[in-house]
*Asks:* 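Mind having a look at this structure? Questions to follow.
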Amino acid sequence: MSQHSDEEGGFAGDLFGAESDQEVVEIEPTFEFYERESVSQDDQHRQLKIKLVGSHPLWAHHLWNASKVFASLFDQHPQLVKDKYVLELGAGGALPSLVAALNGAAKVIVTDYPDKELIENVEYNVEHNTAGYSDRIHVEGYIWGTNTDRLKKYLPAGKRSYDVIILSDLIFNHSQHHAMLRTCRELLTPETGRVYVFYTHHRPHLAHRDVEFFNIAKRPVIEGLSEDDRDQLGYGFTVDHFMTKRMGVMFEEDPGDEEVRATVHGWQMWLQ
C-alpha cells in the first residue's frame with residue numbers, strides 16, 4: 001500500500017474512473033494457503049488454496065488480514081452464516097465467502113469490480129475450494145452503489161434482502177463510503193440482518209478518515225437529499241465495534257505505529 005500511503009482520498013476515486021494511461025506490467029498470479037482452525041484434520045476443506053491476481057490497482061493481489069479474521073470468526077461461530085443468505089462486496093480472493101459457504105450458508109453471492117481478471121480469479125477460487133458446496137456460491141461483477149436488481153435475483157421468492165453482508169478491508173476507499181453504504185442499506189434485512197465490517201488502519205495518519213464510514217452510516221436518513229448534500233446524507237444504521245485482533249503488519253515499508261497497522265477491527269451494523 002506504500003505508494004498510496006500519503007493520499008487523502010484513499011485512491012478509490014481514481015480506480016473507479018477513467019483507465020490509466022500507464023503501461024500495464026504483467027505479473028504472474030500468486031497463491032496463499034489458509035489453514036482453517038476449527039475443523040477436523042481430515043476435512044477436505046481444512047486447507048484452502050487462494051489464488052491472487054499477480055498485481056492489480058484494486059489491491060486484489062493481497063490476502064488481507066481482515067479476510068483471515070473473517071474466516072476464523074465464521075469457523076468459530078458458524079451460526080453467523082449457517083442457512084443464511086450472504087453477500088460479499090469487493091471480495092478479492094473471496095476467503096470469507098468461501099468459508100461462509102463451507103459453514104452451511106444457504107447462498108453466498110461473491111462480488112467484486114466487474115473486471116475480467118478479478119472475476120475469473122474469484123471464480124477459480126470458488127471452483128477449487130468449494131467441492132460439494134458449489135451450488136450455493138455464485139460470482140457476480142458489481143460496482144458499489146449501483147442498481148442491485150441482479151444481486152436480488154439470487155434470493156428466493158418473497159425475499160428481497162440479505163441476512164449477512166461482508167465488507168473486508170474496504171473502508172480505506174474513502175471516496176466510496178457512500179456507495180458502499182447505499183448498497184448495504186438497500187440489500188440488508190432490517191432488524192435481523194448484519195453488515196460485518198472488518199479492517200485495519202493501514203495508514204494510521206488517515207485513521208480518522210477510515211472511521212468516518214461509521215459516522216456516515218449511523219447518521220439519520222433524511223428524505224429528499226441528493227449526492228450534492230453528502231455532508232448530511234445518512235443511512236440509519238446502528239453500529240457496534242465488537243472485536244479487535246492483532247495480526248502481522250502487511251506492509252513493512254509503510255510509516256506509522258506498527259501496533260495500529262497490525263490490528264484488525266471488527267464492527268457490526270444493522271437496521272432497526
Side-chain angles (χ1 to χ4, degrees), residues 10 12-13 15-16 58 64 66-67 69-70 73-74 80-81 84-92 94 96-97 100 105-114 122 138-155 159-199 209-223 225-227 229-243 264-272:
L15 299 179
F16 292 98
L58 293 177
W64 296 86
S67 71
V69 177
F70 256 122
L73 178 72
F74 291 160
L80 294 176
V81 293
K84 296 184 178 181
Y85 286 82
V86 178
L87 171 70
E88 181 170 6
L89 302 182
S97 286
K107 192 77 71 177
V108 181
I109 309 305
V110 196
T111 73
D112 210 326
Y113 190 79
V122 177
H138 303 273
V139 181
E140 277 278 356
Y142 176 70
I143 298 175
W144 308 330
T146 62
N147 188 287
T148 60
D149 285 349
R150 74 171 183 270
L151 300 181
K152 293 176 181 176
K153 74 181 181 182
Y154 294 102
L155 298 169
K159 187 173 177 62
R160 300 287 295 168
S161 55
Y162 285 84
D163 305 304
V164 174
I165 299 178
I166 298 168
L167 305 184
S168 180
D169 233 333
L170 302 182
I171 66 171
F172 62 79
N173 293 289
H174 301 147
S175 67
Q176 300 299 307
H177 285 177
H178 285 280
M180 281 185 269
L181 286 165
R182 191 157 56 245
T183 293
C184 289
R185 179 172 175 81
E186 182 170 345
L187 289 179
L188 185 70
T189 301
E191 298 184 8
T192 58
R194 291 293 183 272
V195 180
Y196 293 109
V197 188
F198 283 22
Y199 65 92
R209 294 289 305 280
D210 296 340
V211 297
E212 182 62 17
F213 176 88
F214 302 101
N215 294 329
I216 297 170
K218 66 184 181 182
R219 284 201 301 241
V221 176
I222 302 176
E223 300 296 338
L225 295 181
S226 69
E227 280 293 311
D229 305 300
R230 289 173 75 87
D231 290 342
Q232 301 177 62
L233 279 174
Y235 299 88
F237 283 98
T238 299
V239 305
D240 172 48
H241 180 264
F242 71 97
M243 70 170 291
V264 175
H265 298 267
W267 293 61
Q268 58 181 335
M269 312 194 309
W270 64 95
L271 296 167
Q272 301 288 357

*Asks:* Pick from Val195, Leu155, Leu188: which one makes a side chain to side chain contact (heavy atoms under 4.5 Å, CB included) with Tyr162?
*Replies:* Leu155
*Asks:* Once you round to the nearest 0.5 Å, how far does CE of Met180 lie from CG of Leu167?
*Replies:* 7.0 Å
*Asks:* Give a yes or no answer on whether the side chain of Arg160 reaches the backbone of Lys152 with a donor-acceptor pair at less than 3.5 Å.
*Replies:*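 No: the side chain of Arg160 does not pair with the backbone of Lys152.
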*Asks:* Find out whether Leu181 and Met269 are in side-chain contact, i.e. whether some heavy atom of one side chain is under 4.5 Å from a heavy atom of the other.
*Replies:*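 Yes, their side chains come closer than 4.5 Å.
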*Asks:* For Lys218, look at atom NZ and say whether over 12 heavy atoms of other residues, nucleotides or ligands are found less than 6.0 Å away.
*Replies:*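 At most 12 heavy atoms, drawn from other residues, nucleotides or ligands, come within 6.0 Å of this atom.
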*Asks:* Are the side chains of Leu80 and Val164 in touch, meaning some heavy atoms are under 4.5 Å apart?
*Replies:*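 In short, these two side chains do not touch, never coming nearer than 4.5 Å.
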*Asks:* Less than 4.5 Å apart, side chain to side chain, heavy atoms only: is that true for Glu212 and His174?
*Replies:*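 Of all side-chain heavy-atom pairs linking His174 with Glu212, none is under 4.5 Å.
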*Asks:* Do you know which of Leu170, Val264, Asp169 makes side chain to side chain contact (heavy atoms under 4.5 Å, CB included) with Trp64?
*Replies:*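 Per the side chain to side chain contact (heavy atoms under 4.5 Å, CB included) rule, the option paired with Trp64 is Asp169, out of Leu170, Val264, Asp169.
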*Asks:* Can you classify the ring geometry of Phe74 versus Tyr196 as parallel (below 30°), tilted (30 to 60°) or perpendicular (above 60°)?
*Replies:* perpendicular
*Asks:* Any idea which heavy atoms bring Val86 and Ala105 closest together, and the distance?
*Replies:*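 Between these two residues, the closest heavy atoms are CG2-CB, 4.0 Å.
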*Asks:* Do Tyr235 and His178 come within less than 4.5 Å of each other through their side chains, counting heavy atoms only?
*Replies:*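 The answer is yes, as the side chains (C-beta and beyond) meet within the 4.5 Å cut-off.
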*Asks:* So Val211 and Tyr199, side chain to side chain contact (heavy atoms under 4.5 Å, CB included) or not? Walk me through it.
*Replies:* CA-CA 10 Å; Val211 297; Tyr199 65 92; 3.8 Å; yes
*Asks:* Return the minimal non-hydrogen interatomic distance between Ala91 and Asp112, and the atom names on each side.
*Replies:* N-OD2, 3.5 Å
*Asks:* Determine whether His177 and Arg230 satisfy the following criterion, side chain to side chain contact (heavy atoms under 4.5 Å, CB included), listing intermediate values before the conclusion.
*Replies:* CA-CA 11 Å; His177 285 177; Arg230 289 173 75 87; over 6 Å; no
*Asks:* Side chain of Thr183, backbone of Trp144: donor and acceptor closer than 3.5 Å?
*Replies:*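 Checking the backbone N and O of Trp144 against the side chain of Thr183, no donor-acceptor pair under 3.5 Å is found.
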*Asks:* When His138 is tested against each of Ile109, Thr111, Val108, Leu151 for side chain to side chain contact (heavy atoms under 4.5 Å, CB included), which residue passes?
*Replies:* Ile109
*Asks:* Is there a donor-acceptor contact under 3.5 Å linking the side chains of Thr238 and Gln272?
*Replies:* yes
*Asks:* With side chains defined as the heavy atoms from C-beta onward, is the minimum distance between Leu233 and Ile216 less than 4.5 Å?
*Replies:* no
*Asks:* Testing Leu87, Ile165, Leu271 one by one against Cys184 for a side chain to side chain contact (heavy atoms under 4.5 Å, CB included), which residue passes?
*Replies:*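 That would be Ile165; it is the only one of Leu87, Ile165, Leu271 passing the side chain to side chain contact (heavy atoms under 4.5 Å, CB included) with Cys184.
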*Asks:* Give me the atom names and distance for the closest heavy-atom approach of Glu88 to Ser97.
*Replies:*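 Nearest heavy atoms, Glu88 then Ser97: OE1-OG, 2.5 Å.
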*Asks:* Between Trp267 and Phe237, is the ring centroid distance below 6.0 Å?
*Replies:*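 Aromatic pair excluded; centres sit 6.0 Å or further apart.
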*Asks:* What I'd like to find out is whether the side chain of Trp270 reaches to under 4.5 Å of the side chain of Glu191, using heavy atoms alone.
*Replies:* no
*Asks:* Side-chain contact test, heavy atoms from C-beta onward, threshold under 4.5 Å: evaluate it for Arg185 versus Val221 and give yes or no.
*Replies:*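 Yes, close enough: below the 4.5 Å cut-off.
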*Asks:* Does atom CG of Asp229 have more than 12 heavy-atom neighbours, drawn from other residues, nucleotides or ligands, at distances under 6.0 Å?
*Replies:*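 More than 12 heavy atoms, drawn from other residues, nucleotides or ligands, come within 6.0 Å of this atom.
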*Asks:* Evaluate the criterion side chain to side chain contact (heavy atoms under 4.5 Å, CB included) for residue pair Lys159 and Lys107; output intermediate values, then yes/no.
*Replies:* CA-CA 13 Å; Lys159 187 173 177 62; Lys107 192 77 71 177; over 6 Å; no
*Asks:* Is any side-chain heavy atom of Phe214 less than 4.5 Å from a side-chain heavy atom of His241?
*Replies:* no
*Asks:* Determine the minimum heavy-atom distance between Gly92 and Val122, stating which atoms define it.
*Replies:* O-CG2, 3.2 Å
*Asks:* Which heavy-atom pair separates Ser168 from Ser67 by the least distance, and what is that distance?
*Replies:*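 Closest approach of Ser168 to Ser67, heavy atoms only: OG-N, 3.3 Å.
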*Asks:* For a quick test of reading the model, state the closest non-hydrogen atom pair linking Leu73 to Phe198 and the distance between them.
*Replies:* CD2-CZ, 3.7 Å
*Asks:* Test Ser161 against every option in Thr189, Thr192, Thr148 by the side chain to side chain donor-acceptor pair (under 3.5 Å) rule and name the one that passes.
*Replies:*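 In the set Thr189, Thr192, Thr148, the residue that makes a side chain to side chain donor-acceptor pair (under 3.5 Å) with Ser161 is Thr189.
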